[in-house]
Amino acid sequence: MVTGLMLAAFAGVMVALQTIFNNRTDVHMGSWATTTWVLFMGFVASLACSLIFEGSRTFALANMQPWYWFSGLIGVGVVICLVLGVKILGPTFSVSVVLTAQLSFALLFDSLGWLGLEKMPLDWKQIAGVLVIIAGIYIFKFGGKKKAVEIVEAEAAAE
Amino acid sequence: MLKGIIFAFIGGACITLQGVANARISQDIGTWQAATITQLTGFIMALLIYLLVRDGDLLGFRKVKPLYLAGGAFGSVIIFSEVTAIQTIGVTFTISALLIAQLCMTFLIDTRGWFGTVKSKMGAPQFIGLALMIAGVLIMKL
């Protein structure tokens with residue numbers, strides 16, 4: 001349990017860092033060049049890890065189902081949707097909706113046991129927990145965050 | 001407006017779907033292999049789209065700091081950790097813990113002004129938001 005939570009939290013920290021780094025890259029390269037670059041780097045790093053930890057089993061792909069070859073397209077779909085979402089709604093609103101959808105579908109996947117997942121009964125605690133988390137997301141995202149510059153200006157004005 | 005919400009919602013659903021699909025593929029061929037293949041096929045598709053729409057400039061990488069360019073490599077450990085977490089604690093817990101850590105980290109970066117972000121001061125709403133999110137995970141664990 002604790003190991004799983006720690007791994008998930010570690011992934012979250014890395015996602016936050018990657019998001020910032022990708023934004024910095026986006027400024028100079030644009031969104032599709034950035035996406036191409038990011039996925040290439042991820043591929044190279046994963047291949048290296050696979051070779052280090054799995055050795056020749058890296059290429060033992062006998063169990064591949066045909067659809068596995070297309071799973072990477074989901075990520076490309078994500079990029080298209082997020083770019084359009086941000087363009088129409090702005091970052092704050094769109095990210096809030098994205099996070100809401102992520103959690104709602106997580107609950108759906110657990111309770112339906114799709115794609116060979118262990119089916120977890122959907123109970124009120126799960127639903128209540130997710131609703132509270134979503135409420136937290138909206139307060140976090142929409143609660144006014146002062147920029148330091150504005151604070152300095154406000155303090156200067158007060159004096 | 002509604003269109004934007006639909007795009008963002010589908011995007012979020014696909015992020016979770018990708019994690020679950022990776023977990024499924026990992027059962028059959030191994031986690032690092034799954035991370036390698038999904039990112040390879042994603043890369044090929046993104047490259048085709050890039051060549052088609054010509055949005056941006058791949059050669060622009062020369063103007064980007066090496067540290068930022070290396071960010072893509074995090075994808076490997078992100079997928080590995082997420083898949084392993086999904087297999088041990090389920091999708092809902094994994095995504096919840098991941099998002100809390102992600103927002104905490106973003107918040108830390110923003111307040112410190114790391115990586116050239118505009119420094120912003122911590123506000124009560126952000127603390128309340130994070131507290132609620134953690135409370136939500138505890139409720140699930142009741």
Checking heavy atoms, do the side chain of [X], its backbone, both or neither come under 4.5 Å from chain B?
X: A:F53; answer: side chain
X: A:M120; answer: side chain
X: A:F93; answer: side chain
X: A:K141; answer: side chain
X: A:L89; answer: side chain
X: A:I20; answer: side chain
X: A:E118; answer: neither

With only heavy atoms counted, which part of [X] is less than 4.5 Å from chain A, the side chain, the backbone, both or neither?
X: B:L138; value: neither
X: B:L99; value: side chain
X: B:L103; value: both
X: B:V137; value: both
X: B:Q27; value: side chain
X: B:T111; value: neither
X: B:T88; value: side chain
X: B:L40; value: both
X: B:K65; value: neither

Hydrophobic cluster membership, with links at side-chain heavy-atom distances under 4.5 Å among I/L/V/M/F/W/Y: are [X] and [Y] in one?
X: A:M41; Y: B:L67; answer: yes
X: B:I134; Y: A:F10; answer: yes
X: B:L2; Y: A:L84; answer: no

Nearest heavy-atom neighbours spanning [X] and [Y]:
X: A:Y68; Y: B:D28; result: OH-OD2, 2.5 Å
X: A:A16; Y: B:T106; result: CB-OG1, 3.6 Å
X: B:T38; Y: A:S71; result: CG2-OG, 2.7 Å
X: A:G136; Y: B:L132; result: CA-CB, 3.7 Å
X: A:G4; Y: B:I89; result: C-CD1, 3.6 Å
X: A:L17; Y: B:F115; result: CD2-CE1, 3.6 Å

If you tally heavy-atom pairs under 4.5 Å against chain B, which of [options] wins?
options: A:C49, A:A9, A:A135, A:S96; value: A:C49
options: A:L108, A:L61, A:I137, A:I133; value: A:I133
options: A:C81, A:A48, A:A60; value: A:C81
options: A:I88, A:V38, A:N63, A:T36; value: A:T36
options: A:A45, A:G85, A:G42; value: A:G42
options: A:S94, A:A101, A:A128; value: A:A101

Heavy-atom neighbours of A:M6 CE exceed 12 at 6.0 Å: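 No, the 6.0 Å shell around CE holds no more than 12 heavy atoms from other groups.
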Residues A:Q102 and B:T16: side-chain donor-acceptor under 3.5 angstrom: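 No - no donor-acceptor pair under 3.5 Å links their side chains.
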A:N23 and B:Y68: side chain donor to acceptor below 3.5 Å: no
Is the side chain of [X] donor-acceptor paired with the backbone N or O of [Y] at a distance under 3.5 Å, no angle test?
X: B:Q33; Y: A:R57; value: yes
X: A:W37; Y: B:L69; value: yes
X: B:Q102; Y: A:V15; value: no
X: B:R24; Y: A:L117; value: no
X: A:D110; Y: B:T92; value: yes

I need the residue from [options] with the largest number of non-hydrogen atom pairs under 4.5 Å to chain A.
options: B:S81, B:G19, B:A21; answer: B:S81
options: B:L48, B:I6, B:L59, B:L47; answer: B:L47
options: B:V20, B:I29, B:I10; answer: B:V20
options: B:F80, B:F7, B:F127, B:W114; answer: B:F7
options: B:G42, B:G30, B:G60; answer: B:G42
options: B:A97, B:A73, B:G75; answer: B:A73

With rounding to the nearest 0.5 Å, note down the distance linking [atom1] in [X] to [atom2] in [Y].
X: A:L99; Y: B:I100; atom1: CG; atom2: CD1; answer: 11.0 Å
X: A:F40; Y: B:I44; atom1: CZ; atom2: CD1; answer: 11.0 Å
X: A:Q126; Y: B:S96; atom1: CD; atom2: OG; answer: 8.5 Å
X: A:L103; Y: B:M133; atom1: CG; atom2: CE; answer: 7.0 Å
X: B:W32; Y: A:I52; atom1: CH2; atom2: CD1; answer: 9.0 Å

Ring-ring centroid check B:F107 A:F140, cutoff 6.0 Å: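 When the ring centroids of B:F107 and A:F140 are compared, they turn out to be within the sub-6.0 Å range.
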Candidate pair B:I79 and A:S46, rule side chain to side chain contact (heavy atoms under 4.5 Å, CB included), full reasoning: CA-CA 9 Å; B:I79 294 176; A:S46 304; 5.5 Å; no
Any B:L17 side-chain heavy atom under 4.5 Å of A:F105 side chain: no
Worked verdict on A:V76 versus B:T41 for side chain to side chain contact (heavy atoms under 4.5 Å, CB included): CA-CA 10 Å; A:V76 174; B:T41 52; over 6 Å; no
Parallel, tilted or perpendicular: rings of B:F43 and A:F43 (30°, 60°): parallel
Geometric class of the A:F21/B:F74 ring pair [parallel <30°, tilted 30-60°, perpendicular >60°]: tilted
Test log, rule side chain to side chain contact (heavy atoms under 4.5 Å, CB included), inputs B:T117 and A:R24: CA-CA 10 Å; B:T117 50; A:R24 293 287 169 273; 3.5 Å; yes
Trace of the side chain to side chain contact (heavy atoms under 4.5 Å, CB included) decision for B:F61 with A:M29: CA-CA 7 Å; B:F61 77 88; A:M29 293 169 62; 3.7 Å; yes
